[in-house]
Amino acid sequence: MTPAPPPRTLVLGATGFLGRWLVLELLGRGEPVAAAVRDTAGADTLRRWLHDHGADGAAPTTVTADLTRPGLGLSPEDDARLGEVRDVHNLAARYAFGLTRAQAEPANVHGALHALHWSATRPGLRRLVHLSGYRVGRDPRPRYPLDPSATATLYSRLGAYEASKHLGDAAVRVTAPRLGVPLTTVNPSSVIGHSRTGEAGQYLGPAQLVRQLHRGRLPLLPGTRRTFLPVVTVDHLARFLTAVPEHDRDPLAAHTVLDPTTPCLPELITLLARHLGVRPPRALIPVPLVRRLPRVLTGADPETLTFLSEDRYDTGSAERLAADAGLTHPPLAPALTRWATRLVEEGFGAP
């Protein structure tokens, strides 16, 4: 039997919603992949998922890693197995609302820097791809570290999840040039299910709006008629990430990835209400007012409100890369309705 070639790509966060699809996409292209997992149970779960999604005859190398530790917590043996890695995708993060700073920072800030420093040790490194967020990284001159007062203010204003993502993004963008690491930050909008199957896999963000809508708990929609909550399908984002190391050449690059056909939030919610056969919200309510009302009345997590904005985003670089790679977004309306159907079928992730 011919031995498997050594991995050329490492995916951190490989067992997460997006990580699984990225590993599947890379394997489908014949790329030797290493998937970082927490333990053997995670490795087994990933292999079963890949098998169920058509990855017969192809499997990633798995290594046990801990992003919160220097060197990714890799054993000397696993580190040596990754000696020929040229592309690193860091998709690992602590993604939840209601976190404390102590819970969010080890993975989202320190972990981002650990991935960067480890990548710098790869002799044939082509690129580190760091997954950020679409409302993150818009400062052309990021600062890191911030002084303690500014850091505390950021966490207080944004909540632990988003603040830690801002700091992680700034940390890698400031540090990568010092280490000589070619870096691309990818800032995706809210990720919805697979365009063909609707497979969901994560139930935060806009999925919670759909949950409230389906259960008749969204009589008023936070925002305005111009509120824009863009989305992107998980399969398009996985294909985009796969293309990044091949097409980016600048030492530092950044891309905001979203489907430009996403309608404004009231239209999006109305489309989903019609599909689910439920009543759409009766009216809009300004976000500042929602913030002042008791959560027991609104059902809105305060951290989610920071994502409800009329802002628009510069997607020019992502669109150019997608065109060069021959990528196009799948039709959005059917992808949205398939995703909503799967959310309902899966009970919105309820155990």
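For this chain, numbers begin at 1 and follow the sequence in order.
- The side-chain heavy atoms of Pro281 and Ile269, taken from C-beta on, include a pair separated by under 4.5 Å.
- Here the side chain of Ser75 pairs a donor or acceptor atom with the backbone of Asp78 at under 3.5 angstrom.
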Checking Arg69 against Leu72 for the side-chain contact (heavy atoms from CB on, under 4.5 Å) test, could you report, in this order, the C-alpha distance in whole Å, the side-chain angles of both residues, the deciding distance, and whether it holds? CA-CA 5 Å; Arg69 296 172 58 194; Leu72 306 180; over 6 Å; no

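- Annotation: side chain of His53 is not in contact with side chain of Thr197 (no heavy-atom distance under 4.5 Å).
- Considering every non-hydrogen atom in both Val232 and Leu258, the closest pair reads CB-CA, 4.2 Å.
- Considering Val37, Leu26, Val23 as possible partners of Pro60, the one that fulfils the side chain to side chain contact (heavy atoms under 4.5 Å, CB included) test is Val23.
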If you apply the rule side-chain contact (heavy atoms from CB on, under 4.5 Å), what do you find for His117 with Leu179, and how did you get there? CA-CA 8 Å; His117 282 278; Leu179 298 178; 3.6 Å; yes

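- Side-chain N or O atoms of Glu162 include none that pairs as donor or acceptor with a backbone N or O of Gly159 at under 3.5 Å.
- Contact check for Leu252 versus Asp250: no side-chain heavy atoms found under the 4.5 Å cut-off.
- Listed by first then second residue, pairs satisfying ring pair (Phe, Tyr, Trp, His ring centres under 6.0 Å) with a partner in residues 236-277 read His236-His329, Phe240-His255, not counting sequence neighbours.
- Linking Ile, Leu, Val, Met, Phe, Trp and Tyr whenever their side-chain heavy atoms come within less than 4.5 Å leaves Trp21 and Trp339 in two separate clusters.
- Looking at Thr121, its side chain does come within 3.5 Å of a backbone N or O of Trp118 through a donor-acceptor pair.
- Hydrophobic clustering of Ile, Leu, Val, Met, Phe, Trp and Tyr side chains at less than 4.5 Å, counting indirect connections, keeps Val244 apart from Leu128.
- Relative orientation of the Tyr161 and Phe97 rings is perpendicular, given thresholds of 30° and 60° on the angle between their planes.
- The two residues Val287 and Gly223 make their nearest non-hydrogen contact at CG2-N, 3.8 Å.
- Between the Gln208 side chain and the Tyr203 main chain, a donor and an acceptor come within less than 3.5 Å of each other.
- Both Leu308 and Leu220 are part of a single hydrophobic cluster, where members link through side-chain heavy atoms under 4.5 Å apart.
- Separation of atoms CG (Leu24) and NE2 (His51) is listed at 12.5 Å; rounding is to 0.5 Å.
- Atom CZ of Arg312 has more than 12 heavy atoms from other residues, nucleotides or ligands within 6.0 Å.
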Please test Thr62 against Arg47 for side chain to side chain donor-acceptor pair (under 3.5 Å), starting from the C-alpha separation and ending with a verdict. CA-CA 10 Å; Thr62 56; Arg47 290 194 183 99; 3.0 Å; yes

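- Side-chain heavy atoms closer than 4.5 Å link hydrophobic residues (I, L, V, M, F, W, Y) into clusters, and following such links, possibly through other members, connects Leu113 to Leu146.
- The aromatic rings of Tyr134 and Tyr313 lie perpendicular to each other, with more than 60° between the two planes, well past the 30° mark.
- Leu272 CG to Glu267 CD: the interatomic distance, rounded to the nearest 0.5 Å, is 12.0 Å.
- When all heavy atoms are compared, the tightest approach of Arg143 to Ala170 is O-CB, 3.7 Å.
- Remark: Asp169 engages Ser132, Arg173 in a side-chain hydrogen bond (donor to acceptor under 3.5 Å, both in side chains) (not counting sequence neighbours).
- Residues Pro188 and Leu237 come closest through the heavy atom pair CB-CD2, 3.7 Å.
- Between the side chain of Arg338 and the backbone N or O of His194, no donor-acceptor pair lies under 3.5 Å.
- Across Pro222 and Leu265, no two heavy atoms sit closer than the pair O-CD2, 4.0 Å.
- Atom CZ of Phe307 and atom OG1 of Thr227 lie 14.5 Å apart (nearest 0.5 Å).
- No side-chain N or O of Thr242 forms a donor-acceptor pair with one of Glu25 less than 3.5 Å apart.
- You'll find the side chain of Thr262 reaches within 4.5 Å of the side chain of Leu332, heavy atoms only.
- One finds a salt bridge joining Arg239 and Asp235 here, because a Lys/Arg side-chain nitrogen approaches an Asp/Glu carboxylate oxygen to under 4.0 Å.
- Residues Asp87 and Glu246 have side chains not in contact (no heavy-atom distance under 4.5 Å, counting atoms from C-beta outward).
- For the side chain to side chain contact (heavy atoms under 4.5 Å, CB included) test, no residue two or more places apart in sequence or in another chain qualifies with Arg249.
- The backbone N or O of Ala152 lies less than 3.5 Å from no partner atom in the side chain of Ser156, so there is not a single donor-acceptor pair.
- Between Asn90 and Leu67 there is a side-chain heavy-atom pair separated by less than 4.5 Å.
- In this structure, a donor-acceptor pair under 3.5 Å is absent between the side chains of Gln202 and Tyr95.
- Remark: the backbone N or O of Leu125 is not paired with any side-chain donor or acceptor of Arg86 at under 3.5 angstrom.
- Counting heavy atoms from C-beta outward, Pro206 and Leu229 have side chains that approach closer than 4.5 Å.
- A continuous path of hydrophobic side-chain contacts links Leu268 to Leu204 [ILVMFWY only; heavy atoms under 4.5 Å].
- Thr151 and Arg101 share no donor-acceptor pair across their side chains, judged by distance under 3.5 Å alone.
- How far CG of Leu167 is from NE2 of His110: 9.0 Å, rounded to the nearest 0.5 Å.
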Given side-chain contact (heavy atoms from CB on, under 4.5 Å), test Leu12 with Val88 step by step and report yes or no. CA-CA 8 Å; Leu12 301 167; Val88 179; 4.2 Å; yes

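- Between atom CZ of residue Arg217 and atom CG of residue Leu209 there is a gap of 14.0 Å, rounded to the nearest 0.5 Å.
- Counting all heavy atoms, side chain and backbone alike, Arg279 lies closest to Leu213 at O-CD1, 3.8 Å.
- Note: Thr100 OG1 to Glu105 CD = 9.5 Å, rounded to the nearest 0.5 Å.
- Contact check on Asp79 versus Arg122 returns a salt bridge, with a Lys/Arg side-chain nitrogen under 4.0 Å from an Asp/Glu carboxylate oxygen.
- Atom CZ of Arg29 has more than 12 heavy atoms from other residues, nucleotides or ligands within 6.0 Å.
- Between Thr45 and Thr15 the shortest side-chain heavy-atom distance does not fall below 4.5 Å.
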Output, in order, the C-alpha distance, side-chain angles, deciding distance and verdict of side-chain contact (heavy atoms from CB on, under 4.5 Å) for Arg20 and Leu46. CA-CA 7 Å; Arg20 297 193 300 259; Leu46 177 62; 3.9 Å; yes

